[in-house]
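See structure below.
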Amino acid sequence: MGASNVVTRFAPSPTGFLHIGGARTALFNYLFARHHGGQFQLRIEDTDRARSTEPAIAAILDGLEWLNFEWDGPVVYQFARAARHAEVAHQLLANGHAYRCYATAEELEEMRAAQRAAKQPMRYDCRWRDRPAGDAPAGAPFVIRLKAPRDGSVTIDDLVQGPVTVANAELDDMVLLRSDGTPTYMLAVVVDDHDMAVTHVIRGDDHLNNAFRQLALIHAMGWSEPAYAHIPLIHGSDGAKLSKRHGALGVDAYRDDMGLLPEAVENYLLRLGWGHGDDEFISRAQAIEWFDLSGVGRGPARFDLKKLESVNGQYMRATDDARLVTLVTPRIETALGRNTTDADLDILHRSMAELKKRAANLNDLATSALFYLRTRPIPIDDGAAKLLASAAPGVLAQARALFAGINDWTAEGLEQQARHLAESSALKLGQVAQPLRAAITGSAQSPGLFDVMALLGRDETLGRIDDVLATITA
RNA sequence: GGUCCCUUCGUCUAGCGGUCUAGGACGUCGCCCUUUCACGGCGAAAACACGGGUUCGAUUCCCGUAGGGAUCACCA
């Protein structure tokens, strides 16, 4: 690889959170740049002053940081470059590649209505394109439009979509500068990409059509064309456009609400629309080594929450216990309504290896850990209550008596005693273990019972059994 | 509607003319492991949209049809 001049950029508009599709676009840009030893830059497209917000900017930066997509250089804020954009528009005006258009919004609406009625394509009809300067109404507001070529066609060798050709007649003269003098998105992207020396424009394929108009601008300025890669959008599980219902949420929702790991989200996103043989789990380093745009699928992929959760579960199991404890502790403290103590953290560390095998996300993990940390008497859930109600009479009391006298308070020692009790009472081990589990964990499901007892310790374990015994006799 | 793009199991994908009686993963179902739940292991059902070509031979190439998607602003 070595040094290269590859420059990619992620250019979200801060009108909302960083959603999952944006995150994937960022990932592909990041991976492509790193693969080629180039630069990955971040540009905030905040030219829409009405819709751009500070919280949205913060959410985007936060999301990218969480996913660990490190960008190169300072963040470029597009609005700050408005003067430069206007300068280019005026340059185009001066050299005849652009013109003033005095059509009002109402006029244009009428024009479109007529086109719609006549089932004609809705395009600006170039009414001011060739009018002499003398026709200009004095003092009236105007926009500056690009004088785009009307004949011939343009072909883009899209790195994902392949060669795509569009006739120039299909394109109209887009607005460069609004009547208030501010630049449009079309102008701003082209100027910024050029000034930032972007070599590869990797973005959602909702921009594919825009690329042709942008190319006209690039040609008018005599600038060199970047390479384009338009990646398909992500769809919901029903094939429709991704909506909130499907998971078109901010990445913060994946982190906070769903409790997912960033590397799992990254892995899932990478595999959505891209593959490397039969590989399912791909590390960041491998992704950088293997990623290429030609491997990106051309059809939209559906978002599958089940698979994301599964991938996350795999990553959870592969994550070291200490990190999981750190990640899960705030959730546990919220559920418990108190801060964790050193003793709590100790038991979390020691139980984590077993707990993480049962959790697909941090929420599940937190929930499953609670019983270790609750103070007596612990709540007994419905499933556990049923187990206790149907337990063989006296098992709990017998087991309690047996455990009280045990010297070897280890998982092995406890299991041995439980097996003896089962045998001597002509019960299956499960008939002894399940009521005990219910009493000790308050649930019908838990990690191995004897490991749990060993971790909890003699006093706590016996106390919990006593608590239940007390309610039975009472 | 115009233009552009896409089409392998329910979903994500492997496949880049013969290796395909189409592979992997998630999900589903069954079995095993087992003190529960998981984890893990084994196995099953499940796809080349349709119709024409090209070719000795098409999942792979071309053209239609159908279906899906994107886009048609003084938003980005």
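Per chain, numbering begins at 1; letters A, B, ... match sequence-line order. Everything numeric here is computed off the predicted structure, so don't read it as measured data.
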Rounding to an integer number of Å, can you tell me how far [X] [atom1] sits from [N] [atom2]?
| X | N | atom1 | atom2 | value |
| --- | --- | --- | --- | --- |
| A:Glu354 | B:A38 | CD | P | 14 Å |
| A:Asn210 | B:C4 | CG | P | 16 Å |
| A:Arg271 | B:U11 | CZ | P | 15 Å |
| A:Lys306 | B:U11 | NZ | P | 14 Å |
| A:Arg123 | B:C72 | CZ | P | 13 Å |
| A:Leu324 | B:C39 | CG | C1' | 15 Å |
| A:Arg127 | B:C74 | CZ | P | 12 Å |
| A:Asp381 | B:U36 | CG | P | 17 Å |

Give me the distance, rounded to whole Å, that separates [N] from [M] when you measure between the [atom1] atoms they each carry.
| N | M | atom1 | answer |
| --- | --- | --- | --- |
| B:A45 | B:U55 | P | 38 Å |
| B:C50 | B:A25 | C1' | 29 Å |
| B:U7 | B:A49 | P | 9 Å |
| B:C56 | B:C16 | P | 22 Å |
| B:A14 | B:A22 | C1' | 10 Å |
| B:C9 | B:G27 | C1' | 12 Å |
| B:A73 | B:C12 | C1' | 35 Å |
| B:C5 | B:G43 | C1' | 41 Å |

Would you mind classifying the nucleic acid contact of [X] as base, sugar-phosphate or nothing, using non-hydrogen atoms under 4.0 angstrom?
| X | answer |
| --- | --- |
| A:Leu233 | sugar-phosphate |
| A:Ser368 | nothing |
| A:Leu272 | sugar-phosphate |

Classify the ring geometry of [X] against [Y]: parallel below 30°, tilted from 30° to 60°, perpendicular beyond 60°.
| X | Y | answer |
| --- | --- | --- |
| A:Trp409 | A:Phe403 | perpendicular |
| A:Tyr99 | A:Tyr124 | parallel |
| A:His19 | A:Phe17 | perpendicular |

Taking only N and O in the side chain of [X], is any of them less than 4.0 Å away from OP1 or OP2 of [N]?
| X | N | value |
| --- | --- | --- |
| A:Arg419 | B:U35 | yes |
| A:Arg112 | B:C74 | yes |
| A:Ser237 | B:U11 | no |

Name the pairing partner of [N], where a pair is Watson-Crick or G-U wobble with both distances under 3.5 Å, or state none.
| N | value |
| --- | --- |
| B:G1 | B:C72 |
| B:A22 | none |
| B:A66 | B:U7 |
| B:U28 | B:A44 |
| B:U35 | none |

**Item:** Side-chain donor/acceptor of A:Arg358 to base of B:C37, under 3.5 Å
**Value:**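 Under the 3.5 Å cut-off, the side chain and the base do form a donor-acceptor pair.
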**Prompt:** Is any side-chain N or O of A:Ser179 under 3.5 Å from a base N or O of B:C74, one able to act as donor and the other as acceptor?
**Reply:** yes
**Toward the 5' end of RNA chain B, by each residue's nearest nucleotide, A:Val164 or A:Thr184** = A:Val164
**Message:** Pick the closest RNA chain B nucleotide for A:Gln445 and for A:Tyr185 by heavy atoms, then say which residue is nearer the 5' end.
**Reply:**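 Looking at RNA chain B, the more 5' nearest nucleotide goes with A:Gln445.
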Just so I know, are the side chains of [X] and [Y] near enough to count as touching, which here means a heavy-atom distance under 4.5 Å?
| X | Y | result |
| --- | --- | --- |
| A:Met453 | A:Glu460 | no |
| A:Val154 | A:Thr165 | no |
| A:Leu171 | A:Val166 | yes |

State plainly whether the residues [X] and [Y] are in salt-bridge range, i.e. N to O under 4.0 Å.
| X | Y | result |
| --- | --- | --- |
| A:Arg51 | A:Asp48 | yes |
| A:Asp173 | A:Arg129 | yes |
| A:Asp321 | A:Arg350 | no |

**Message:** Contact list please: residues 435-444 of chain A against RNA chain B, heavy atoms, distance less than 4.0 Å, in numerical order.
**Reply:**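 RNA chain B contact set from residues 435-444 of chain A: A:Arg437, A:Ala444.
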